[in-house]
Each structure stands twice: as C-alpha cells, then as structure tokens.
Protein chains: 2
Amino acid sequence: MSEIDFQYQGDTVKDETDIFMKLLKAQNLKLTKQRKYVLDTFLKTEKHVSVDDMYDIVKKAQPQLGYATVFRTLKLLCQCGLATPVYFGDKRIRYEHKYGHKKHIHLICRECGSIIESVSADIENIKNKMCKSNNFIADSYSVDIFGICKKCMKKS
Amino acid sequence: MSEIDFQYQGDTVKDETDIFMKLLKAQNLKLTKQRKYVLDTFLKTEKHVSVDDMYDIVKKAQPQLGYATVFRTLKLLCQCGLATPVYFGDKRIRYEHKYGHKKHIHLICRECGSIIESVSADIENIKNKMCKSNNFIADSYSVDIFGICKKCMKKS
DNA sequence: CTGACTGCAAACCCTTTGCACTAAA
DNA sequence: TTTAGTGCAAAGGGTTTGCAGTCAG
C-alpha cells in the first residue's frame, strides 16, 4: 500500500459506502446484496481490476452472483466517483480507486503485470504548460510507463 | 503539421519504403500491390488511424482490397518500426507514424476527436525521475491529455 | 512452379443489453 | 405491491485467423 496515497485514513470505507448509498438514493436505485458485495469487494481490493478479475474474486464467496451485475455495479462505482476506468492498451478496461486517491501515474510491468502508482507534483505543472501552449483545456490526463519492475529485473 | 517533428524532410518516404522492403526480405515475404498501397497510404496520412480508418481510405481507390490485408499490413508496419499502436481508451487501436518522429504527448479533443501532438523535453526528465525512484526500467511510456481543443472551445 | 498472400467469412474476446424471473422498499 | 435488479444468454463491436483460390518471385 506504500504507493497509494490515502487522504483519509479513518472512515474511508464508511465514507465510500455513504457515497454509494447517496448515488443509489439519488437515482432511485436499490441497495441489493449483490451491489453491497461488489462494493465491499472493490473497497478491499487495492488493485486495478478488470470486470473479469472482480467477477472471479466475487464468485468465490458468491457463486450465484452474475457477471453482468459486477459489470453494472462497477459502472455505478464510476458514476459516483469511487472508481475510475483505466486503459493500459490491452483491450481490457480496468477500474481503480478514485476516492481519496491523489492523481498519480502508472508504472506497468510487462513481465508480471503489476502496476505501481506514483505521485509527482511536476507532472501537473507540465500538463498545465502543455495545455497552455496548445490552447487546450484538460479534463483529465494519464501518464503510463511500461517496462520492467524491480522484482522482475532481479529474476532475469 | 506544425505539431509534428520530422527529423528527416527529404527522403523520408524513400527511407520508409526501404525499411519496409527490408522487413519483407528478412522474413521471406512478398511485396504485393496491396502491401505497397497500404504502405503508401499510411505514409501520406498524417493521422492516428484505426484499421477502419485506413480501410475506408484505401477502399476508395482500391475497392477490392480487403480489411484483413489492411490489418495485417499495419502490423507489419509496426514490426519494422514505421508505425506504432496507440490507445486512447476508446477500445480502438490506432496507428501513428513512428519513423522520424520525436517522442511526443497527445492532446485529445473529446468534441471533435482531433489529436494534437506536442513535444516536451521536461517529460523525459520526469519519466526518468519516476523510474529511478521506483527502481523501474522503462521500455516506453505514454502521456495523454483529454479535453477540449481551441476550435471546439470557440464553438461552444 | 511454389510458397506466400488475399479476401472472405467466421472465430474470438471483451463489453453491453434484452428479458423473464426475483427481490428491495 | 410496485418498481427496480438479477442472471442468463445473446447481441455488439473491434481484432484476429482459417482457408481456398490467386499471385509474386
């Protein structure tokens, strides 16, 4: 967890649950066992999970829970700002935690697939500079570095 | 074209054709009309094209040329370093020119879909810094900024 | 001639959706 | 009860591949 910056340490999970409940209420949706389970599983999983990943994890404890429900719940998590989709060029959408996480870049290991998150103040400056010089207004940005992580380096 | 840095101005197309021919020879492949046509079209197209994009362009002049051939030829272009795939999170692989192009970042307009390429010396430094502090060896990296371009800003 | 290439259509793989049944509120 | 949710299975949408006929070398 060292790479990940929690801005809130204490009631994070409670906060996040509240946020999710608020979304449900706002859209006249119901809090079902399945949604709660996917939410809880997501909150416990500090990774960049694809729908398949989540489905596999969830299925172990809740074999009856369907793929589509996982898919739809992850969309809801994005809607309320708890999760956000990320793309690493392998045609698979992954979801990462957004709430309470600082903007970060990704270092993606092509050997083991692990993803390191790293925070840098400089990046924001460069982004702003780039936008200014190109007359561009940014909504979001991503910085991804692909290569080999420390562990895999030692192995080879 | 102001955003794009050609390192070679004169014989670029010839160079690129040679590179392609070299690849074919090295792998015992044949230079067919179709491959030549896709290559030439790619060289003329200063854009981030998906297979569909290329197919549409090519089809206008060569209606009999198939989708699979475009697909396979673009792969070949990547193999010999003339093209490289880029991903902008819309589930579609695009191919951009690699040969003679400096490393750049992308500013992607969510209104008109246009992509500005911009070069920055700072980025490379930050990348190196990030890698060093995380004990990571980079093969490649991407910096993509999503937002609204100058033109679309004026419109709204 | 011979081995590689093409174009078609089908297979893949992940994402998304329609629908009849089920369950929150 | 009412209205939304679930799980299944099928549809989408892009990428990739198998194959029989075709062509470059």
Side-chain angles (χ1 to χ4, degrees), chain A residues 17 20-41 48-80 83-95 113, chain B residues 17 20-41 48-80 83-95 113:
Chain A
T17 303
F20 188 58
M21 303 270 261
K22 226 168 264 176
L23 174 85
L24 296 181
K25 191 154 281 180
Q27 300 195 15
N28 245 294
L29 306 177
K30 290 167 181 174
L31 180 62
T32 60
K33 283 203 260 317
Q34 289 90 333
R35 282 178 179 160
K36 188 72 171 66
Y37 198 84
V38 173
L39 168 67
D40 289 344
T41 305
H48 298 75
V49 288
S50 64
V51 179
D52 286 88
D53 294 338
M54 268 302 262
Y55 181 57
D56 289 345
I57 299 171
V58 155
K59 233 181 145 52
K60 280 179 196 158
Q62 308 285 322
Q64 82 301 337
L65 210 158
Y67 188 93
T69 301
V70 173
F71 168 78
R72 289 188 274 234
T73 306
L74 285 170
K75 291 262 146 168
L76 289 177
L77 295 180
C78 292
Q79 263 183 54
C80 64
T84 194
V86 288
Y87 309 86
F88 297 131
D90 63 349
K91 292 170 224 153
R92 179 169 270 142
I93 302 174
R94 290 161 203 285
Y95 296 89
Chain B
T17 303
F20 188 57
M21 304 268 263
K22 226 166 266 176
L23 174 85
L24 296 182
K25 190 154 281 180
Q27 301 195 13
N28 244 293
L29 307 178
K30 291 168 180 171
L31 179 62
T32 60
K33 283 202 259 319
Q34 289 91 334
R35 281 178 179 159
K36 189 72 173 64
Y37 199 83
V38 173
L39 168 67
D40 289 345
T41 305
H48 299 75
V49 289
S50 63
V51 180
D52 285 272
D53 294 338
M54 269 301 263
Y55 180 58
D56 289 345
I57 299 171
V58 155
K59 232 181 144 53
K60 280 179 196 157
Q62 307 286 322
Q64 83 300 339
L65 210 158
Y67 188 94
T69 301
V70 173
F71 168 77
R72 289 188 274 230
T73 306
L74 285 171
K75 291 262 147 167
L76 289 177
L77 294 179
C78 292
Q79 263 184 54
C80 64
T84 194
V86 287
Y87 308 86
F88 297 132
D90 63 348
K91 291 170 225 154
R92 179 170 271 145
I93 302 174
R94 290 161 203 285
Y95 297 88

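Chain identifiers are assigned alphabetically (A, B, ...) following the order of the sequence lines, protein sequences preceding nucleic acid strands; residue numbering begins at 1 within each chain. Scope of the values below: all heavy atoms of this structure, side chains included, with no hydrogens, waters or symmetry mates.
- Under the 4.5 Å side-chain criterion, counting only non-hydrogen atoms from C-beta, Q27(B) is in contact with Q79(B).
- For R72(A) and dT15(C), the shortest distance from a side-chain N or O to OP1 or OP2 is not below 4.0 Å.
- The interatomic distance linking I93(B) (CD1) with dC13(C) (P) rounds to 15 Å, in whole Å.
- Looking at heavy atoms from C-beta onward, T32(A) lies out of side-chain contact with T69(A) at the 4.5 angstrom threshold.
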Mind listing the N/O atom pairs, protein and nucleotides 23-25 of chain D, below 3.5 Å?
from    : atom 1 : to     : atom 2 : distance (Å)
dA24(D) : OP1    : K33(B) : NZ     : 3.1
dA24(D) : N3     : K30(B) : NZ     : 3.2
dG25(D) : OP1    : L31(B) : N      : 3.4

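- At dT16(D), one or more side-chain N or O atoms of K91(A) fall inside 4.0 Å of OP1 or OP2 (strictly under the cut-off).
- As rounded to whole Å, 13 Å separates atom C1' of dC5(C) from atom CD of Q64(B).
- Taking atom CG on L74(B) and atom P on dT16(D), their separation rounds to 11 Å, with Å as the unit.
- Distances shorter than 4.0 Å separate none of the side-chain N or O atoms of R35(A) from OP1 or OP2 on dA24(C).
- The side chain of Y67(B) contributes an N or O atom lying less than 4.0 Å from OP1 or OP2 of dT15(D).
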In a table with atom names and distances, give each donor-acceptor pair under 3.5 Å that connects a side chain of residues 87-95 of chain A to protein atoms at least two apart or in another chain.
from   : atom 1 : to     : atom 2 : distance (Å)
D90(A) : OD1    : R92(A) : N      : 3.4
D90(A) : OD2    : R94(A) : NH2    : 2.6

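- We find that CE of M54(A) is positioned 17 Å from P of dC14(C), with the value rounded to whole Å.
- Residue-level contact check: K75(A) touches the backbone only, with heavy atoms under 4.0 Å from sugar-phosphate atoms and none from bases.
- As a whole-Å value, the separation of Q62(A) CD from dG7(D) C1' is 14 Å.
- Summarising the geometry, atom NZ belonging to K36(B) is positioned 11.0 Å from atom CG belonging to L24(B); distances are rounded to the nearest 0.5 Å.
- To the nearest 0.5 Å, the span separating CG on L23(A) from CZ on F20(A) amounts to 6.5 Å.
- Comparing T69(B) and N28(B), the nucleotide of DNA chain C nearest to each residue sits closer to the 5' end for N28(B).
- Checking dT16(D), dT17(C), dT6(C) against every side-chain atom of F71(B), the shortest atom distance belongs to dT16(D).
- Rounded to whole Å, atom P of dG14(D) lies 11 Å from atom CG of D56(B).
- Whole-Å rounding puts the L65(A) CG to dA23(C) P distance at 13 Å.
- At distances below 3.5 Å, not a single donor-acceptor pair connects side-chain atoms of R35(A) with backbone N or O atoms of T73(A).
- When each of L24(B) and Y55(B) is assigned the nucleotide of DNA chain C bearing its nearest heavy atom, the one mapping closer to the 5' terminus is L24(B).
- Within the nucleic acid shown, K25(A) has no heavy atom closer than 4.0 Å to any nucleic acid atom.
- Closest contact between the side chain of R92(B) and the listed nucleotides dG14(D), dT17(C), dC5(C) involves dG14(D).
- Comparing dT15(C), dG18(D), dG7(D) by their nearest atom to the side chain of D52(A) picks out dT15(C).
- Look at CZ on F20(B): it is 10 Å from P on dC5(C), rounded to the nearest Å.
- Annotation: the span from L74(A) atom CG to T84(A) atom OG1 amounts to 12.0 Å, rounded to 0.5 Å.
- Side-chain contact between D52(A) and Y67(A) is present, with heavy atoms from C-beta onward closer than 4.5 Å.
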